[in-house]
Number of protein chains: 2
Amino acid sequence: MSNAARKPRYERQVASDRREALVDAAIESLKRYGHDGLSVRRIAAEAGVSIGLINHHFPNKDSLVAESYRTFSRRLAADFERAVAAAGADPRARLRAYFDSFFSGPNLDPQVLTAWVVYWSLVQVSPEMRAVRDAEGRGYGEVLGRLLSDLARSRGVASVDLDTAVTGLTAFLDGLWLQLCLDPRSIRPADAAALCDDWVDHVIKP
Amino acid sequence: MSNAARKPRYERQVASDRREALVDAAIESLKRYGHDGLSVRRIAAEAGVSIGLINHHFPNKDSLVAESYRTFSRRLAADFERAVAAAGADPRARLRAYFDSFFSGPNLDPQVLTAWVVYWSLVQVSPEMRAVRDAEGRGYGEVLGRLLSDLARSRGVASVDLDTAVTGLTAFLDGLWLQLCLDPRSIRPADAAALCDDWVDHVIKP
DNA sequence: TTCATTGTTGAACGATCGTACAATAAGGGG
DNA sequence: CCCCTTATTGTACGATCGTTCAACAATGAA
């Protein structure tokens, strides 16, 4: 027979690439099918790969799920930080960029909410998932804390209770985002950002 | 042999009582084990009943889960309305009673959060669960809307954007509640209620 | 007491779950 | 070219899933 181009039945990949592809598949399957999407067969199908491969690259399924949580969390956080970085040096502009990024585009996708609530539900019962949240959630509040303290300093306000301000702002953001995801008609993204803006001005008087 | 007191192997109950007991068991099992708690075997064990009984009283498992969601949702809402009713007639006092009830006691139980996030994750993928949320969630916003409009009227403020105010207050409540459940050290319940109070005063100027 | 009603039990079914593992073959180094 | 490494496949296993259903028995009515 000819030794002409024979298509290989599969393509071998370096471990790190395949791991990343499996993580992506897990996230995508979770977004589409919710909790049921986090089964080895669903994830393998999404990745176009056979069942056994997952346990070759990860010690067990929970490990892959935890890794997907970490990746998912970091990617969204990176979006926000990128938007802030692109906003220049003015503290007020940086904060507004954060709000606009938070209430726009990928973050309002209902499937993103699906992923979040499933991850949260796992955090509540799995120490491994809780550890991921504790590790990744820290930077979250720190970014907001820095933005707020920069703003306070630029306005010469010293007496502000920063911890309470961060907690309140985080609550406002999360709550508005939640409503926006659940019912896009409840409030316009621009109005949500404006509400946050207004509240910040109220707490840190200009 | 004697026909003296023979202990029956089980006790028959009227359908409505047994249904309620199964609903209670589902909620309890969900609180304890998260998503995995919502299996017929776990629920039946929690209720001290055999596996087959669930499908005798409910057409299928999803029906029982949906019913448990409805019951869970209504009970918490009833707590808030009861607190408001006990606060008298003053709009401001009624609103504060709502806040205090929201940030206290049973509502801060981490297991309650567990139940919520699992229910939410199901709402995202199940039309049946979504229907329950749409039906039960309506009263939620209406209560807050009435409380806020009463307050605005009592203060002679007519120009307030009620929809935005309700959305904002709901966001604040949910967001603060979320943080309190996730990390009780993040803010004291009284401070959370005070933040809401302060925001309402800011939106509806006294 | 006897009988009919029906709430309740528990085994059984097929489906799907996570994991293990032997067999296969892709791809690079000699 | 062959060979070695190992990424990949796919079957198999035991456990658990939701549902079905025949048999049992608790309870009230006759």
Side-chain angles (χ1 to χ4, degrees), chain A residues 1-23 25-26 29-30 32-68 118 122 125-126 128-129, chain B residues 1-23 25-26 29-30 33-68 118 121-122 125-126 128-129:
Chain A
M1 302 320 226
S2 77
N3 56 357
R6 231 179 7 96
K7 203 182 204 171
R9 308 202 310 179
Y10 58 86
E11 232 178 293
R12 289 170 68 123
Q13 309 221 357
V14 296
S16 62
D17 287 355
R18 185 62 84 184
R19 281 177 61 97
E20 191 181 330
L22 287 172
V23 165
S29 182
L30 167 60
R32 184 150 33 195
Y33 302 110
H35 181 277
D36 292 343
L38 291 180
S39 84
V40 285
R41 283 166 181 80
R42 285 268 183 54
I43 296 173
E46 175 69 36
V49 123
S50 89
I51 320 165
L53 195 57
I54 288 179
N55 283 290
H56 177 73
H57 289 284
F58 296 88
N60 51 48
K61 192 202 71 164
D62 290 344
S63 246
L64 168 56
V65 171
E67 187 65 35
S68 79
V118 171
L122 298 176
V125 292
S126 155
E128 183 180 9
M129 293 294 282
Chain B
M1 300 316 233
S2 77
N3 55 357
R6 236 182 359 98
K7 202 181 202 170
R9 308 203 311 181
Y10 59 86
E11 232 179 294
R12 288 169 70 122
Q13 310 221 357
V14 296
S16 60
D17 286 356
R18 186 63 84 187
R19 279 177 60 98
E20 191 180 329
L22 288 172
V23 165
S29 182
L30 167 59
Y33 302 110
H35 181 278
D36 292 343
L38 292 179
S39 84
V40 285
R41 283 166 181 79
R42 288 278 230 303
I43 297 172
E46 175 70 35
V49 124
S50 87
I51 319 166
L53 194 57
I54 287 179
N55 283 290
H56 178 72
H57 289 283
F58 296 88
N60 51 52
K61 192 203 71 165
D62 290 345
S63 247
L64 168 56
V65 171
E67 186 65 35
S68 78
V118 172
S121 75
L122 298 176
V125 292
S126 155
E128 184 181 7
M129 293 295 282

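Within every chain, numbering begins at 1; the chains are lettered A, B, ... in the order of the sequence lines, protein sequences first and strands thereafter.
- Place S50(B) and P59(A) on DNA chain C by their nearest nucleotides, and S50(B) ends up nearer the 5' end.
- Of the candidate nucleotides dA26(C), dT9(D), dA26(D), dA26(D) has the atom nearest to the side chain of R12(B).
- Going from atom CZ of R19(B) over to atom C1' of dG7(C) covers 14 Å, rounded to whole Å.
- Put simply, N55(B) has a side-chain N or O that comes within less than 4.0 Å of OP1 or OP2 on dT19(D).
- Nearest to the side-chain atoms of L53(A) among the listed nucleotides dT19(D), dT8(D), dT8(C) stands dT8(D).
- Contact check for M129(A) versus V65(A): side-chain heavy atoms found under the 4.5 Å cut-off.
- With rounding to whole Å, L38(B) atom CG is found 11 Å from dC17(D) atom P.
- No donor-acceptor pair under 3.5 Å is formed between the side chain of S121(B) and the backbone N or O of V118(A).
- In this structure, F58(B) places its CZ atom 18 Å from C1' of dT20(D), rounding to the nearest Å.
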Show me the donor-acceptor pairs within less than 3.5 Å that the side chains of residues 38-59 of chain B make with the rest of the protein, sequence neighbours left out.
{"residue": "S39(B)", "atom": "OG", "partner": "R42(B)", "partner atom": "N", "Å": "3.2"}
{"residue": "E46(B)", "atom": "OE1", "partner": "R32(B)", "partner atom": "NH2", "Å": "2.6"}
{"residue": "E46(B)", "atom": "OE2", "partner": "R32(B)", "partner atom": "NH2", "Å": "3.3"}

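- What separates CD1 of I51(A) from C1' of dC21(C) is a distance of 13 Å, to the nearest Å.
- Put simply, H57(A) has a side-chain N or O that comes within less than 4.0 Å of OP1 or OP2 on dT8(D).
- Rounded to an integer number of Å, the gap from NZ of K61(A) to P of dA15(D) is 18 Å.
- To the nearest 0.5 angstrom, L122(B) atom CG is 5.5 Å from H35(B) atom NE2.
- Within 4.0 Å (heavy atoms only), I43(A) reaches no atom of the nucleic acid at all.
- Looking at R18(B), its side chain has no donor and acceptor atom pair within 3.5 Å of the base of dG7(C).
- Between A15(A) and E11(B), the one whose closest nucleotide on DNA chain D sits nearer the 5' end is A15(A).
- With rounding to whole Å, D62(B) atom CG is found 9 Å from dG18(D) atom P.
- Within 4.0 Å (heavy atoms only), V49(A) reaches sugar-phosphate atoms of the nucleic acid but no base atom.
- The residue among R9(A) and Y10(B) whose nearest nucleotide of DNA chain D is located toward the 5' end is R9(A).
- If you measure from atom CZ of R42(A) to atom C1' of dT16(C), you get 10 Å, rounded to the nearest angstrom.
- Between D17(A) atom CG and dT6(D) atom C1' there is a gap of 16 Å when expressed in whole angstrom units.
- Within the nucleic acid shown, I54(A) has no heavy atom closer than 4.0 Å to any nucleic acid atom.
- Neither OP1 nor OP2 of dT8(D) sits under 4.0 Å from any side-chain N or O of H56(A).
- The phosphate of dC17(C) (OP1 or OP2) has a side-chain N or O of S39(A) nearer than 4.0 angstrom.
- The two residues E67(B) and R19(B) make their nearest non-hydrogen contact at OE1-NH2, 4.3 Å.
- Nearest nucleotide to the side chain of R41(B), out of dT19(C), dA25(C), dC17(D): dC17(D).
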